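Below you'll find the structure, written out as structure tokens, and then a few comments.
Numbers restart at 1 for each chain; the letters A, B, ... are given by sequence-line order, proteins then strands. All values derive from a computational prediction rather than experimental measurement. Atoms considered below: every heavy atom in the structure, side chains included; atoms not considered: hydrogens, waters and symmetry mates.
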Amino acid sequence: MIPQLATVRYRRPDGRPLRLYIPILPVLLVLAPLLLPAGLVACVIFRVDPVGALRGAGRLLWALPGTRFEIEDGRTAFLVSVR
Amino acid sequence: MNEQRRQILEMLAEGKITADEAERLINALERERLDSAPGAAPRSKPRPRYLRVVMAAADGTGGDGASRLNIRVPIQLLRAGVRLTSLIPPQALTRINAELDKSGVPIDLAQLKPQHLDDLIEHLDELTVDVDDADTKLQVFCE
């Protein structure tokens, strides 16, 4: 399943929260004209098979839903969640 | 001999499928028969989908609160990450091996195939790590 939404939450030490909701697919589509050539150049430089790299990146992206990273230290907290 | 098995053997005799394919098909039929048999043994427990790391630490420093860590990583993500190792170019592996050797870790990464790492991830479901300290509790497990 392709990830749909990434949520980033950050609570600053003074208690003020910051929330970011990132729709992954639209962001990827917008950034595709930059990401694809950059990836291709990187593959050529590092002599990596571009098709394999694309497949690997796709697999990583597809496996992302359900990932959650949450860290809390005193009044500071940081959360990244992908669904 | 049931009808499906006979069809598979006929396809093999006619050369439509190879012996390996016939064996796979017959095995699949066997599995299907065992699964659908009445009174069949219940299926084993569901495969875990996530690797969890949970840590809770009391505030032992006189600071302003306790620390907590909660990480949930899909096993599928670990598997996808492991498969990326097959993209490492051979010249990079040679350099890594040389550096590891220089540091006193004589491990040949070229011998580490994605299949081996895949097997490792496959058996992660049996992993449980519990660390209990006076102020800190750490758990690593699959769910």
Would a 4.5 Å heavy-atom cut-off, applied to side chains only, mark Leu64(A) and Pro74(B) as touching?
-> no
What is the distance from atom [atom1] of [X] to atom [atom2] of [Y], rounded to the nearest 0.5 Å?
X: Leu69(B); Y: Phe69(A); atom1: CG; atom2: CZ; answer: 6.0 Å
X: Arg59(A); Y: Arg79(B); atom1: CZ; atom2: CZ; answer: 11.0 Å
X: Gln76(B); Y: Leu60(A); atom1: CD; atom2: CG; answer: 10.5 Å
X: Gln91(B); Y: Arg47(A); atom1: CD; atom2: CZ; answer: 5.0 Å

Hphob cluster co-occupancy, [X] + [Y], side-chain heavy atoms under 4.5 angstrom:
X: Leu20(A); Y: Leu31(A); value: yes
X: Val48(A); Y: Val51(A); value: no
X: Val73(B); Y: Trp62(A); value: yes
X: Leu87(B); Y: Leu109(B); value: yes
X: Leu40(A); Y: Leu36(A); value: no

Around atom CZ of Arg12(A), are there more than 12 heavy atoms of other residues, nucleotides or ligands at under 6.0 Å?
-> yes
Any idea which of Cys43(A), Ala53(A), Ala77(A), Ala57(A) has the most non-hydrogen atom pairs under 4.5 angstrom with chain B?
->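 Sorted descending by pairs with chain B, the first entry is Ala53(A).
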Can you tell which of Ala63(A), Gly56(A), Gly52(A) has the highest number of heavy-atom pairs within less than 4.5 Å of chain B?
-> Ala63(A)
All heavy atoms of Arg72(B) vs all of Gly66(A), minimum pair found to be NE-O, 2.8 Å
Taking every non-hydrogen atom, the tightest pair across Leu77(B) and Thr67(A) = CD2-OG1, 3.9 Å
What part of Phe46(A) lies closer than 4.5 angstrom to a heavy atom of chain B: side chain, backbone, both or neither?
-> backbone
With a 4.5 angstrom heavy-atom cut-off, could you sort out which part of Leu84(B) is near chain A: side chain, backbone, both or neither?
->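 Interface part for Leu84(B): side chain.
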